[in-house]
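Working notes, structure below.
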Amino acid sequence: MPNKVRVRFAPSPTGSLHIGGARTALFNLLFARHNKGTFILRIEDTDTERSTEESASQIVRSLKWLGLDWDEGPEKGGEYGPYFQSQRLELYKREVQKLLDEGKAYYCYCTPEELKERREAALKSGKAPRYDGRCRNLSSEQIAKFKAEGRKPTIRLKVPEQGQTEVYDLIRGKVVFENSVLDDFIIFKSNGVPTYNFACVVDDHAMEMTHIIRAEEHLSNTPKQIHVYNALGYELPQFAHVPMILAPDRSKLSKRHGATSVEEFRDQGYLAESIINYLTLLGWSPEGNEEIFGLDKTIEEFSLKRVNKTAAIYDVKKLTWINGHYLRELDLDYITKQVIPFMIKKGIIDEQQSKEDYEYIKKIVDVSRDRAKTLDELADTIAFFFKDFDEYEEKGIRKHFSKENAAELLTKGAEVLENLQEFTHDTTEKAFRDLTGSLGLKAAALIHPTRLAITGRTIGPGLFDIIVLLGREKVVERMKKAAEWINENISK
RNA sequence: GGGCCAUUAGCUCAGGCGGCAGAGCACCUGACUUUCAAUCAGGGCGUCGGAGGUUCGAGUCCUCCAUGGCUCACCA
């Protein structure tokens with residue numbers, strides 16, 4: 001590769017960062033890092049109707065949260081800025097003027113209403129909705145007349161009517177488009193702002209992009225953009241179109257399919273590491289069979305050659321599995337810090353407690369993280385350490401509280417614990433085993449009801465881990481309370 | 001409707017030059033354990049979208065069809 005690789009992620013700030021967008025950003029970053037190139041973030045806010053600053057900052061936030069750091073762009077700056085298209089209008093005007101001067105583009109005075117009418121008529125009669133080029137050769141009288149009517153013109157690019165345009169795509173190979181299917185498309189809107197197909201090309205050239213890695217939906221736009229490159233005398237970059245991400249029903253991903261934005265996944269308790277790993281595997285595959293890929297490792301192995309062509313249907317189950325993996329493998333302090341906001345949000349603890357009891361929370365997370373798939377779930381499963389619960393799990397009541405001697409056993413167990421000298425994992429376990437042994441019972445006969453009594457659940461970490469962490473006072477109190485509950489509620 | 005892209009197990013994907021269909025997730029079973037999870041060990045007869053064709057031989061090459069997606073905006 002002669003030039004240093006420069007690639008960009010160019011979202012339009014009209015919403016939150018979609019997982020599809022996140023993956024496009026990821027693949028760009030992967031490609032840049034693998035090739036020791038530069039990864040640029042550019043905000044395409046030329047749609048003045050829909051673009052918002054809030055959306056732009058949300059996208060920036062999500063990207064940062066995912067750990068997808070760019071080298072040039074918003075907040076970072078760079079030699080090729082500004083990185084917001086709305087601040088680059090002068091450049092577009094200069095470039096489009098060149099096209100006008102050279103007769104490669106022309107003003108079109110057709111109104112949106114007229115265009116829409118013609119398009120619908122064409123569609124109705126089964127024809128392709130093409131612009132007919134009627135303003136290509138307007139006489140000065142006609143122009144004067146339109147101007148007198150107060151019409152504000154758009155600018156269209158003259159596209160050759162014959163021939164073909166070939167797109168060389170790094171992922172899909174050569175794709176040929178007949179020029180006859182194209183029309184003279186609008187490159188400048190009547191409000192003086194360029195359209196995507198123009199601004200994008202001007203910027204990609206001005207910012208010296210070597211590769212354009214973007215979603216498949218842009219493949220059909222590429223021949224148009226190539227005509228812009230040609231008209232402007234720009235050298236073509238290399239193109240690579242990555243497959244789309246579809247909903248489980250194969251339709252385009254939308255809100256009705258549940259979480260679609262990075263922030264939603266974050267709020268549901270997915271770690272950035274998991275989302276990155278999952279997205280890495282969605283559309284790209286390593287040479288080996290491994291599934292757990294951190295960013296660094298992927299950067300080393302990444303190649304556009306192994307990006308597949310098929311649209312991927314995202315499968316939350318696999319994301320969840322990956323998340324469970326990271327939940328138990330990542331640094332304990334890190335996971336603890338990640339779960340605390342969820343606990344606070346659920347009212348399990350408050351800000352103050354999260355600081356004072358940090359070490360305690362950490363120990364709890366340590367024994368509990370194995371069983372949870374998300375941070376949200378983890379927060380739920382450790383809530384009983386901090387708050388009393390008011391219900392016992394239904395299934396547990398039937399299995400463990402309905403036994404003849406359940407209440408009596410719990411009372412005895414509580415007494416044994418109360419009288420223990422040392423209160424540790426080993427001493428409490430020994431006490432339980434001794435007690436049940438002396439009664440001719442299995443330890444499980446006491447362990448199960450105790451778990452239900454002190455956690456409200458039938459599942460959870462090892463009982464003696466829980467007992468020690470919960471503390472003697474709480475354990476004894478909850479065991480006695482459970483015994484009372486049984487006497488009152490279970491009719492013999 | 002036109003153009004373009006795709007179609008291998010329920011899902012994500014491997015299968016350079018055509019030569020006996022694979023992995024992970026999910027699912028089921030067993031081991032371990034105080035429960036659950038984790039972990040380990042097992043469990044897949046898939047018309048490789050369909051139909052033709054080329055070939056000794058096709059998931060792999062060619063043609064047609066079907067299905068899905070993208071696109072044809074003064075959106076990106």
Side-chain angles (χ1 to χ4, degrees), chain A residues 10-14 44-47 49-51 108 110-112 115-116 119 122-131 152-156 167 169 172 175-178 180-183 185-191 193 195-197 199-200 215-224 241 243-244 246 248 250-252 278 281-292 305-306 308-322 324-325 328 368-373 381 396 399-400 429 432-433 442-448 450-452 457-464:
Chain A
S12 73
T14 54
E44 307 219 326
D45 53 354
T46 52
D47 183 348
E49 303 274 297
R50 298 194 303 154
S51 298
C108 169
C110 299
T111 64
L115 259 12
K116 191 179 173 204
R119 184 165 50 241
L123 242 20
K124 199 171 277 178
S125 62
K127 284 192 215 132
R130 267 176 100 256
Y131 174 68
K152 288 237 171 10
T154 59
I155 300 173
R156 289 182 185 268
V167 177
D169 187 283
R172 330 184 95 83
V175 182
V176 181
F177 294 85
E178 291 293 332
S180 59
V181 307
L182 267 27
D183 62 2
F185 57 94
I186 293 173
I187 54 179
F188 244 78
K189 304 178 226 176
S190 57
N191 65 358
V193 177
T195 57
Y196 163 72
N197 282 129
C200 176
E216 188 191 332
E217 56 187 306
H218 292 294
L219 184 56
S220 305
N221 283 138
T222 308
K224 292 183 179 183
H241 291 89
M244 310 260 313
L246 265 28
R250 300 203 69 85
S251 66
K252 194 165 183 166
Y278 179 64
L281 262 18
L282 210 56
W284 175 81
S285 60
E287 289 190 34
N289 274 334
E290 288 167 272
E291 301 279 337
I292 297 301
K305 286 199 191 79
R306 294 192 70 85
N308 73 307
K309 305 176 182 70
T310 321
I313 294 168
Y314 90 106
D315 176 18
V316 191
K317 280 186 193 154
K318 186 146 182 175
L319 206 211
T320 302
W321 168 72
I322 291 174
H325 171 86
R328 55 183 181 268
S368 307
R369 75 210 290 213
D370 267 16
R371 271 148 275 258
K373 299 287 190 195
T381 64
K399 283 182 76 174
H400 310 304
E429 176 163 8
F432 265 41
R433 292 193 187 280
K442 281 189 185 170
L446 177 56
I447 286 170
H448 293 304
T450 303
R451 174 178 286 105
L452 185 62
R457 299 165 192 242
T458 55
I459 59 171
L463 183 70
F464 304 103

Mind checking if [X] touches a base, just sugar-phosphate, or nothing, with heavy atoms under 4.0 Å?
X	answer
A:His241	nothing
A:Arg306	sugar-phosphate
A:Leu282	sugar-phosphate
A:Arg172	sugar-phosphate
A:Ser220	base
A:Phe185	nothing
A:Ala443	nothing
A:Asp370	base
A:Gly283	sugar-phosphate
A:Thr195	sugar-phosphate
A:Val176	sugar-phosphate
A:Pro286	nothing

Using the [atom1] atom in both, what is the distance from [N] to [M], to the nearest Å?
N	M	atom1	result
B:G68	B:G53	C1'	26 Å
B:A31	B:G22	P	29 Å
B:G16	B:C72	C1'	37 Å
B:C11	B:C4	C1'	26 Å
B:A76	B:U67	P	33 Å
B:G24	B:C36	P	25 Å
B:U8	B:C61	P	15 Å

Please check if the side chain of [X] supplies one atom and the backbone of [Y] the other of a donor-acceptor pair under 3.5 Å.
X	Y	result
A:Arg130	A:Ser180	yes
A:Arg433	A:Ala443	no
A:Thr195	A:Ile186	yes

Is the phosphate of [N] approached by [X] (side-chain N or O, under 4.0 Å from OP1 or OP2)?
X	N	result
A:Thr310	B:U7	yes
A:Arg130	B:G3	no
A:Lys224	B:U71	no
A:Lys373	B:C25	no
A:Thr46	B:C75	no

Review point. Would you call A:Lys318-A:Asp315 a salt bridge at under 4.0 Å N-O?
Key: no
At less than 3.5 Å, do the side-chain atoms of [X] and the base atoms of [N] form a donor-acceptor pair?
X	N	value
A:Arg371	B:C36	yes
A:Arg451	B:U34	yes
A:Asn308	B:A14	no
A:Ser190	B:C74	yes

Check your understanding: Which sits closer to the 5' end of RNA chain B, A:Leu115 or A:Ala372, going by the nucleotide each is nearest to?
Key -> A:Ala372
Check your understanding: Looking at B:G1, B:C74, B:A26, which one has an atom nearest to any side-chain atom of A:Ile186?
Key ->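 Comparing B:G1, B:C74, B:A26 against the side chain of A:Ile186, the answer is B:C74.
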Revision key, fill the gap. Minimal heavy-atom distance between A:Asn221 and A:Tyr196, with the atoms involved, is OD1-CE2, 4.1 Å
In the strands shown, is [N] matched to any nucleotide by a Watson-Crick or G-U wobble pair with both distances under 3.5 Å, and which?
N	value
B:G57	none
B:U29	B:A41
B:G49	B:C65
B:A9	none

**Study point:** Side chains of A:Thr381 and A:Arg457 in contact at under 4.5 Å (non-hydrogen atoms)
**Key:**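 A:Thr381 reaches A:Arg457 side chain to side chain.
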Review point. So A:Phe464 and A:Phe432, would you call those rings parallel, tilted or perpendicular, with 30° and 60° as cut-offs?
Key: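 A:Phe464 and A:Phe432: perpendicular rings.
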